[in-house]
Amino acid sequence: MLASAVKCSLHSASWAFVQKGHFFPGCQRGLLVGVWLSLQSVPGFTAAPAASSSGSWSSAAPPLLIPTFPLPTQFEPSCICCVSAQPGTRGVYQAAVPASDDRFLLQAVENLCSHKVSATLYKQLRQVCEDHVQHLCTDALDSLVFLKKMDTCWQDHCRQMIMVRGIFLFLDRTYVLQNSLLPSIWDMGLELFRNHIISDKMVQSKTIDGILLLIERERSGEAVDRSLLRSLLGMLSDLQVYKDSFELKFLEETNCLYAAEGQRLMQEREVPEYLNHVSKRLEEEGDRVITYLDHSTQRPLIACVEKQLLGEHLTAILQKGLDHLLDENRVPDLTQMYQLFSRVKGGQHALLQHWSEYIKTFGTAIVINPEKDKDMVQDLLEFKDRVDHVVEVCFQRNERFVNLMKESFEAFINRRPNKPAELIAKHVDSKLRAGNKEATDEELERILDKIMILFRFIHECGAAFTSKLEGMFKDMELSKDIMVHFKQHMQNQSAPGPIDLTVNILTMGYWPTYTPVEVHLPPEMVRLQEVFKAFYLGKHSGRKLQWQSTLGHAVLKAEFKEGKKEFQVSLFQTLVLLMFNEGDGFSFEEIKMATGIEDSELRRTLQSLACGKARVLIKSPKGKEVEDGDKFLFNAEFKHKLFRIKINQIQMKETVEEQVSTTERVFQDRQYQIDAAIVRIMKMRKTLGHNLLVSELYNQLKFPVKPGDLKKRIESLIDRDYMERDKDSPNQYHYVA
């Protein structure tokens, strides 16, 4: 019986070979697999000569050919595979195998599998690998040194298992694949490393603690070896111990770290600086997930940071900094706050409520103080613009913020009955009177649109009032069209005069009631009035025109020693200044007789021309008040840095009688809403007691109303047969269908 042995070893240097399209990378240090084939003498088998004692192969040896053959009955399975480890080389034999002989190992494995010894081959391969893993040394005192040694051990093991799997690929793809209970050769290697290395309490503890220490240092600003962290955490994931051994402890330490950090920094830093820190921390943790943490850690990690740095301090952040950011219109900081609060459960709601309270508080301060009535409307418009900008840019037009903003405006603007509506109406009136003298048509339209929004917040401004306001806007648009046709008409007539006339047609009923004032107009103006009247009535027969002198404006050109100027003035100021084309000085009585302006109105007009900032006239004697004997001279020395100068009319303070009149007009408008509410309630309830009816009315009406006023409206509806009193109970009402 002839015995032949062939010893094959893997080269210690890096090498690779390809078998059936598969690439197997070599390793510098690794597990030596020695395959010893003890075969009985079989006809037709040709064995290569044995290796020399030095471990080198004869260069003259012929190629090794191992055909598939049946094993003899005396074949010993225990001789199929053995692995030995030489001291100091981790089982690496320093013998070289020519690349031409690499096929021998693959063919040998395939032959063994073909002869039904796959089970024994797999079992002994596992034992060899297990023996090797058990001899791996991982002792080290320093944490970083230990981690590096562990990483080296893991990387070597992976390279070795790749090579082993490559050699035993046929076994892995036949026998192992057909036995579902057996792990693949690669999974077997992971299982062995997990059971004998990482499951060791000392090894696992030092590994996890070392990783956590490196992450802690990085969070403190130190530079650490991120590739080492990535490799070790990848090892834990591959070994399926990442979640239980690392992630739970990592999240626990993260929670403690950021809980303490949040408490400390909320005391030390201002809100914008704190929010910047939160954003930075979230970005850093997101980068850790991308760089070396397992992706499954992202959600609990980010949730932990958000909870400890934001969720636990929502109220404190808002109380400490929101009002300040809104007061200073800090758009970038408000945007960041909204984005961060949107990440946390309940964050948007908390921001929403604090923002609403800010609007109510700030707006109430504008509305409720009588000393600010002069600037109330302008302040409201500016505040609304600022709030709209915050909603648009910072809060991303979030519908909840838009709706609550409207509710907040409605809440504060109605805390003071009547006055806001009155002042807004006067503001609209002044803007429409000025027309395009103060702003372009587009600017005026934008201003009026904003004022309309304020009107809608006021409860007493019902549908009837809104209808009137829309009628005002319609009048302004129709007036523009009329003036286009009138100017075309004038061009077709005689040569144009020195006056360019513009007329606004105001429909009675839409506009406030103006008392007609008769004044003495120059002949040129009277002639133009008659031309326009004939033109307008020719197109709109049956209508009546009434000129409102108090609403007139003009632009006058004047010459002074310094040069030419233009003045934007009222009609009354125009009539006074035109007199000085006929002379250099006039008394108060002369001006009054010539212009026909009412006494108190003339005094305010002369004050604006002689006592204001732009003193076109000189008053003698000097003083702020205009008296009967005063004289007025043309100021030829007048100087001003502007070419066109607007001289504002001195406004007369509103009298108590006028305030009462305004309030009465507002109540008259409300009467229709009260009547409609009473009829609506009675139609639904059919029969109702007085107290219950009044209670229902208070619930439905959005404006303040006195019980006495409600009683008057009820009596009015009874008189008009909309409802009737009960014959036996006077406080009981019945609806009349």
Side-chain angles (χ1 to χ4, degrees), residues 143-144 147 150-151 154-155 158 187 190 193-194 198-199 204-266 269 273-314 317 335-351 396 398:
S143 173
L144 183 59
L147 291 180
M150 171 60 73
D151 182 54
W154 166 249
Q155 297 296 340
C158 289
D187 290 340
L190 296 180
F193 197 91
R194 179 173 59 247
I198 206 63
S199 292
Q204 185 177 122
S205 177
K206 291 190 71 173
T207 302
I208 301 302
D209 291 346
I211 292 173
L212 292 175
L213 180 61
L214 284 183
I215 295 175
E216 180 184 346
R217 288 177 179 175
E218 187 182 44
R219 283 172 170 168
S220 301
E222 295 183 31
V224 299
D225 188 348
R226 295 186 127 202
S227 61
L228 177 61
L229 285 171
R230 181 168 58 248
S231 178
L232 290 173
L233 291 171
M235 172 191 74
L236 297 179
S237 291
D238 291 342
L239 298 176
Q240 298 179 354
V241 296
Y242 176 90
K243 194 172 192 67
D244 294 333
S245 65
F246 168 76
E247 186 180 81
L248 295 177
K249 193 171 182 179
F250 169 69
L251 292 175
E252 182 181 344
E253 291 199 1
T254 300
N255 195 68
C256 294
L257 169 70
Y258 287 124
E261 185 173 277
Q263 292 287 348
R264 175 173 54 84
L265 294 183
M266 273 301 298
R269 300 188 180 184
E273 187 181 2
Y274 182 80
L275 293 178
N276 286 334
H277 177 78
V278 174
S279 296
K280 180 183 175 184
R281 281 303 201 189
L282 288 168
E283 185 179 345
E284 288 174 354
E285 298 302 336
D287 181 60
R288 286 188 182 94
V289 173
I290 295 172
T291 306
Y292 54 76
L293 293 173
D294 190 87
H295 68 88
S296 63
T297 308
Q298 180 173 9
R299 181 173 294 180
L301 173 60
I302 298 302
C304 175
V305 181
E306 291 171 347
K307 179 178 183 295
Q308 295 302 334
L309 295 185
L310 287 173
E312 297 293 333
H313 307 285
L314 291 177
I317 292 171
T335 302
Q336 184 179 50
M337 177 179 285
Y338 174 80
Q339 292 172 346
L340 289 175
F341 273 52
S342 297
R343 302 174 67 124
V344 184
K345 183 180 180 181
Q348 272 197 12
H349 179 75
L351 177 58
Q396 301 174 5
N398 186 307

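Quick caveat, the model's predicted, so the values are computed rather than measured.
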(request) Say whether R288 and T297, considering side chains only, have a donor N or O and an acceptor N or O under 3.5 Å apart. (result) no
(message) Would you say that more than 12 heavy atoms from the other residues, nucleotides or ligands in this model lie under 6.0 Å from the CZ of R299, or not?
(response) no
(request) Kindly check if the number of other-residue, nucleotide or ligand heavy atoms within 6.0 Å of CD (Q263) is above 12? (result)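 It does not: Q263 CD has 12 such atoms or fewer within range.
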Measure across [X] and [Y] and return the closest heavy-atom pair with its distance rounded to 0.1 Å.
X	Y	answer
T291	R226	OG1-NH1, 3.2 Å
G210	S143	CA-OG, 3.4 Å
H313	G262	NE2-C, 3.7 Å
G311	V344	CA-CG1, 3.7 Å
I302	G286	CD1-N, 4.1 Å
Q204	S199	NE2-CA, 4.1 Å

Using a 4.5 Å cut-off on heavy atoms from C-beta on, say whether the side chain of [Y] contacts that of [X].
X	Y	value
I208	L236	yes
Q298	L293	no
L228	L144	yes
I317	M266	yes
E216	L257	no
C304	E285	no
F250	L212	yes
I198	W154	no

(request) Name all residues meeting the ring-ring contact (aromatic ring centres under 6.0 Å, His included) criterion together with Y338; count only those two or more places apart in sequence or in a different chain, and write none if there are none. (result) F395, F401
(message) Set out, in order, the CA-CA distance, both residues' side-chain angles and the distance that settles side-chain contact (heavy atoms from CB on, under 4.5 Å) for L340 and L282, then state yes or no.
(response) CA-CA 10 Å; L340 289 175; L282 288 168; 3.8 Å; yes
Spacing of [atom1] belonging to [X] relative to [atom2] belonging to [Y], to within rounding of 0.5 Å:
X	Y	atom1	atom2	answer
Q155	S231	CD	OG	4.0 Å
I215	E222	CD1	CD	13.5 Å
M150	I211	CE	CD1	9.0 Å
Y258	R219	OH	CZ	4.5 Å
L314	L351	CG	CG	9.5 Å
L265	E273	CG	CD	8.5 Å

(request) Starting from the C-alpha separation in whole Å, work towards a yes-or-no answer on salt bridge (charged side-chain N to carboxylate O under 4.0 Å, His left out) for E284 and R281. (result) CA-CA 5 Å; E284 288 174 354; R281 281 303 201 189; 3.0 Å; yes
(request) List for me each residue that meets side chain to side chain donor-acceptor pair (under 3.5 Å) alongside R343, sequence neighbours excluded, and say none if there are none. (result) E306
(request) Give me the ring orientation class for Y274 and H277: parallel if the planes are under 30° apart, tilted from 30 to 60°, perpendicular past 60°. (result) tilted
